[in-house]
Amino acid sequence: MSSGCRGFVCCLISPPSFITSLLPLKYHFLPGGGACFRERGGGGGGTMSTMFADTLLIVFISVCTALLAEGITWVLVYRTDKYKRLKAEVEKQSKKLEKKKETITESAGRQQKKKIERQEEKLKNNNRDLSMVRMKSMFAIGFCFTALMGMFNSIFDGRVVAKLPFIPLSYIQGLSHRNLLGEDYTDCSFIFLYILCTMSIRQNIQKMLGLAPSRAATKQAGGFLGPPPQAGKFS
């Protein structure tokens, strides 16, 4: 592993001092750079200050893992000529198709409708090719996150990291209350809060870095970029 990668991973698993100073916990690293664990630094957990500190730490972890995911995707996908070409083609076709759909009327001729259908099919094929290009980064990200999640779960296992302002639906409680004691389902587990943070943070990071698909592409595209186009609208 390069020195840059080692530094990033070290930052990821060892939060900055301004965050760890908030936690009444001691972080340790096993010899050889193995996984870390923590011990309680005082009487029981679950206080509001401890939960607030854990929440800040989880947000920090979410930001770091989102940046790591985008970094892996950039190395494997974003910088490749094939991805750039397909993305440019999808953006161009999406904008062109959106304009045509805005101007076409219900009384448009059959030839115009067929032309739009052909363009939709071409856009669908390009989106499929774009998704296949991104697939290799998804496997790499999945492998890294599986390893990181095992470490983070061991750190926060059985710990209430936040209080939910609602009681989750029964089929979500297995995730939101995972490995927590008691029957207070407003207690939030690490994995549930981490997923919520990651879902929102990664999208915003993609927008800030200019890596998110355009509005037109999101509206017209299917697969990973957005909902599928409405079939049969012009049939």
Side-chain angles (χ1 to χ4, degrees), residues 6 8-73 137-208 224:
R6 285 197 299 268
F8 187 87
V9 172
C10 180
C11 176
L12 182 64
I13 62 179
S14 181
S17 58
F18 80 92
I19 289 182
T20 55
S21 64
L22 298 174
L23 301 176
L25 306 166
K26 298 179 181 179
Y27 286 78
H28 301 273
F29 291 86
L30 300 178
C36 63
F37 64 93
R38 67 182 186 177
E39 299 174 349
R40 297 186 185 276
T47 64
M48 291 303 296
S49 60
T50 301
M51 286 192 290
F52 179 70
D54 281 345
T55 299
L56 288 180
L57 180 57
I58 292 170
V59 171
F60 172 78
I61 291 172
S62 300
V63 171
C64 289
T65 52
L67 288 172
L68 175 62
E70 292 306 308
I72 293 173
T73 306
S137 72
M138 293 178 63
F139 284 119
I141 291 171
F143 177 79
C144 292
F145 275 33
T146 299
L148 290 173
M149 286 303 296
M151 180 185 67
F152 293 141
N153 278 327
S154 66
I155 293 174
F156 292 97
D157 185 46
R159 188 172 186 84
V160 178
V161 299
K163 294 291 287 186
L164 300 174
F166 58 90
I167 297 179
L169 299 174
S170 57
Y171 57 85
I172 300 179
Q173 291 174 3
L175 190 64
S176 65
H177 203 69
R178 183 178 179 180
N179 294 339
L180 299 182
L181 300 177
E183 297 184 358
D184 184 356
Y185 292 105
T186 60
D187 289 346
C188 181
S189 66
F190 160 77
I191 186 66
F192 187 68
L193 182 59
Y194 172 77
I195 290 174
L196 292 180
C197 291
T198 302
M199 288 173 62
S200 57
I201 289 173
R202 189 176 180 189
Q203 290 181 352
N204 288 311
I205 287 178
Q206 287 177 336
K207 291 178 181 178
M208 288 189 294
F224 291 98

Review point. Would you find a donor on one side and an acceptor on the other, under 3.5 Å apart, between the side chain of Ser189 and the backbone of Asn179?
Key: no
**Study point:** ring-ring contact (aromatic ring centres under 6.0 Å, His included) partners of residues 157-191, not counting sequence neighbours, each pair once
**Key:** Phe156-Phe190, His177-Tyr185, Phe190-Tyr194
Check your understanding: What are the two closest heavy atoms between Ser137 and Ile72, and how far apart are they?
Key -> O-CG2, 4.5 Å
Check your understanding: Between atom CD1 of Ile58 and atom OG1 of Thr65, what is the distance when rounded to the nearest 0.5 Å?
Key -> 11.0 Å
Practice item. Working to the nearest 0.5 Å, report the span between CE of Met138 and OG1 of Thr73. Key: 9.5 Å
Revision key, fill the gap. In short, Asp54 meets Val160 closest at the heavy-atom pair OD2-O, 4.4 Å
Point to revise | Test side-chain contact (heavy atoms from CB on, under 4.5 Å) applied to Asp184 - qualifying residues, sequence neighbours left out | key: Lys163, Thr186, Asp187
Check your understanding: How long is the gap from CD1 on Ile61 to CG on Leu56, to the nearest 0.5 Å?
Key -> 11.0 Å
List the atom pairs, donor and acceptor, that lie under 3.5 Å between side-chain atoms in residues 141-148 and the rest of the protein, sequence neighbours left out.
from   : atom 1 : to     : atom 2 : distance (Å)
Thr146 : OG1    : Gly142 : O      : 2.7

Practice item. Any chance you could lay out the side-chain contact (heavy atoms from CB on, under 4.5 Å) test for Leu193 and Val59, step after step, and finish with the verdict? Key: CA-CA 9 Å; Leu193 182 59; Val59 171; over 6 Å; no
Revision key, fill the gap. Distance col, row Met208:CE vs Gln203:CD, nearest 0.5 angstrom, shows 12.0 Å
Review point. Does a sphere of radius 6.0 Å around CE in Met149 hold more than 12 heavy atoms from other residues, nucleotides or ligands, not counting ones at 6.0 Å or beyond?
Key: yes
**Study point:** Minimum heavy-atom distance Pro168-Leu164, with the two atoms named
**Key:** CG-CD1, 3.6 Å
Study note, to complete from the structure: Here the gap from Lys207 atom NZ to Arg202 atom CZ, rounded to the nearest 0.5 Å, amounts to 14.0 Å
Practice item. Could you go through the side-chain contact (heavy atoms from CB on, under 4.5 Å) check for Thr50 and Arg159 one step at a time? Key: CA-CA 10 Å; Thr50 301; Arg159 188 172 186 84; 2.3 Å; yes
Practice item. Return yes when atom CG of Leu175 has more than 12 non-hydrogen atoms of other residues, nucleotides or ligands closer than 6.0 Å, and no otherwise. Key: yes
Review point. Just one of Leu57, Ile201, Leu67, Ile205 clears the side chain to side chain contact (heavy atoms under 4.5 Å, CB included) bar with Ser62, so which one?
Key: Ile201
Exercise for review: State the CZ-SG distance between Phe192 and Cys197, to the nearest 0.5 angstrom.
Suggested key: 10.5 Å
